[in-house]
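Below is one structure; the comments refer to it alone.
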Amino acid sequence: MALAEERLGLAQLLLPWYRDHGRHELPWRQTRDDYALWLAEVLLQQTQVRTALPYYGRFLSAFPSWQDLASAPLDAVLAQWSGLGYYARARNAHRAAQMVVQEHGGRFPPTMAAAMALPGVGRSTAAAVLASAYGQDQAILDANARRVLFRAAGLVGEPRSSTNDRKLWRIAEAETPAGAAHDYNQAIQDLGAVLCRAARPDCPNCPVQSRCRAAALPKRRELPREGDRSARPRRYATLLLARDDGGRVLLQRRPERGIWGGLWSLPSLDDEQILVDSSLRAQVLERYAAAVGLVLHEQSLGPVQRHTFSHFSLEYAVLHASLRVQAVADKGSPLLCWDLAAALQLGLPSPIRRLLEQLD
DNA sequence: TAATCGTGGTT
DNA sequence: TAACCAAGATT
């Protein structure tokens, strides 16, 4: 592919721009600590800077080092991750920290192969950490770099196709300057985030406009659509909000696999359609009682609400009930009653946290 | 290869 | 409202 072999020479234009206009104030740019830099990369996976920013400081305070994270209970890690989404990242980060302590002497492994063997560390994350923490010449290909290079090289087709994926990695490696990979990686990410945005790219102010094949095109603003993903399937559930006489709320720990893995949530009864018919509520209560071994008394059924996940949309209603028997007391049970204040310290999914915060 | 895995902001 | 998108990795 002649196109992919041709150097665009982005670095010499990008680096001066970065010095003047880069987001140097970001907290993970104030350190060369391998733990902090790895943490930032994991927090930022599929997550915008604005969203991850407050989590970074809180997480570092709670777990300042590999050792602190490795020895922490998973529940404490998930609690810090609560609300950020893609919770497999938290579980993987916890295991990765344990591997770093036990197998790598408490230091991020300094080779691509060893780094990518850590759970939750793929090629781009590994490269980013090795470049930033150790100054290695490693090319990244995150969403920003992918978009910038796709446009600059004038690629066509789907950006995530395997063919374009190979081309983009080859271009990324060719454009990454020896001895300045860290700054270049930051620079191309800043360019993508600030100027070369997915929508409404600011081409007139772009420092690499002269090397960009897409800038001259009338449709430079458009990127090929991801394969027209069919509409999100809709799922339905009834969530049980049961409280005992002391106001404690019944929560259930979700299995590690699947959505909200490892988090504490309300007991959920999945259904084929939303329960708006009051005649069905009694059945729900019976099914809960049977499944959980509790005596429940219905109080009210809340309005239908919707929560959108990455690949499906959930319609749910909250069934408020009083809990007569405090039957689920044994430790190790995934079903426990919690004081409201204690519950809010757990790893909760966002909609569940919002719901509990509105109680009392 | 194609699904799976969250959430909040923007359009 | 609904679609799109984000410092991707895993199976």
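Per chain, numbering begins at 1; letters A, B, ... match sequence-line order.
More than 12 heavy atoms of other residues, nucleotides or ligands sit less than 6.0 Å from atom CG of A/D20.
Rounded to an integer number of Å, the gap from CD of A/Q46 to P of C/dC5 is 12 Å. As rounded to whole Å, 9 Å separates atom C1' of C/dA6 from atom OH of A/Y86. Atom NE2 of A/H311 and atom P of B/dT4 are 5 Å apart (whole Å). Rounded to a whole Å, the CZ atom of A/R353 is 11 Å from the P atom of B/dG8. We find that CZ of A/R146 is positioned 12 Å from C1' of C/dA9, with the value rounded to whole Å. The separation between A/R234 atom CZ and C/dT1 atom C1' is 11 Å, rounded to whole Å. C/dA9 atom P lies 11 Å from atom CG of A/D165, rounded to whole Å. Between the P atom of C/dG8 and the CD atom of A/E41 lies a distance of 9 Å, rounded to the nearest Å.
Side-chain nitrogen and oxygen atoms of A/R197 include none within less than 4.0 Å of the OP1 or OP2 phosphate oxygen of B/dT10. Here A/T125 reaches the OP1 or OP2 of C/dA9: one of its side-chain N or O atoms lies under 4.0 Å away. The shortest distance between the side-chain N/O atoms of A/R200 and the OP1/OP2 oxygens of B/dT11 is below 4.0 Å. In this model, the phosphate group of B/dT7 is approached by a side-chain N or O of A/W260 to a distance below 4.0 Å at OP1 or OP2. Neither OP1 nor OP2 of C/dG8 sits under 4.0 Å from any side-chain N or O of A/Q45. In this model, the phosphate group of B/dT7 is approached by a side-chain N or O of A/Y87 to a distance below 4.0 Å at OP1 or OP2. For B/dT7, the OP1/OP2 oxygens have a side-chain nitrogen or oxygen of A/H307 closer than 4.0 Å.
Spacing between B/dG6 and C/dT11 at atom P, rounded to whole Å, works out to 14 Å. Comparing the same atom, P, in B/dA3 and in C/dC4 gives a spacing of 16 Å after rounding to whole Å. Across the P atoms, C/dA7 and B/dT4 are found 24 Å apart, a figure rounded to whole Å.
Backbone-only engagement by A/V121 is indicated by non-hydrogen atom pairs under 4.0 Å involving sugar-phosphate atoms exclusively. Contact annotation for A/S162: backbone-only contact, meaning every heavy-atom pair under 4.0 Å involves sugar-phosphate atoms and none involves a base. Within the 4.0 angstrom heavy-atom criterion, no nucleotide atom of any strand lies near A/L43. At the heavy-atom level, A/G258 lies under 4.0 Å from the strands shown only through sugar-phosphate atoms. Note on A/T47: a base of the nucleic acid sits closer than 4.0 angstrom, heavy atoms only. In this structure, A/A128 reaches neither bases nor backbone, as no heavy-atom distance under 4.0 Å exists between it and the strands shown. When heavy atoms are screened at a 4.0 angstrom cut-off, A/W28 is found touching base atoms of the nucleic acid. A/L118 comes within 4.0 angstrom of sugar-phosphate atoms only, judged by non-hydrogen atoms across all strands, and of no base.
Across the interface with DNA chain C, nearest-nucleotide mapping of A/G122 and A/R306 shows A/R306 to be the residue nearer the 5′ end. With DNA chain B read from its 5' end, the first of the two nearest nucleotides for A/R50 and A/G261 is the one closest to A/G261. Ranked by how close their nearest DNA chain B nucleotide is to the 5' end, A/F312 and A/R354 are led by A/F312.
Residues in residues 117-132 of chain A take part in these side chain to side chain donor-acceptor pair (under 3.5 Å) pairs, two or more places apart or across chains: A/Q45-A/T125, A/R123-A/E173.
Distance from the side chain of A/D190 is smallest for C/dA7 among the nucleotides C/dA7, B/dG6, C/dT10. Taking only side-chain atoms of A/I259, from C-beta outward, the nucleotide of B/dC5, C/dA7, B/dT7 with the closest atom is B/dC5. Among B/dG6, C/dA9, C/dC5, the nucleotide with an atom closest to any side-chain atom of A/R147 is C/dC5.
Cation-pi geometry between A/R58 and A/Y55 is satisfied (NZ or CZ under 6.0 Å from the ring centre, within 45° of the ring normal). Remark: A/R107 fails to qualify as a cation-pi partner of A/Y35 under the 6.0 Å distance and 45° angle criteria applied to the six-membered ring.
Using a distance-only test at 3.5 Å, with no hydrogens or angles considered, no donor-acceptor pair links the side chain of A/T238 to the main chain of A/A317.
Residue A/S350 places no side-chain atom within donor-acceptor reach of the base of B/dG8, judged by atom type and a 3.5 Å distance cut-off alone.
A salt bridge links A/R234 to A/E315: at least one charged side-chain nitrogen sits closer than 4.0 Å to a carboxylate oxygen.
Side-chain atoms of A/D202 and A/R197, non-hydrogen and from C-beta on, do get closer than 4.5 Å to each other.
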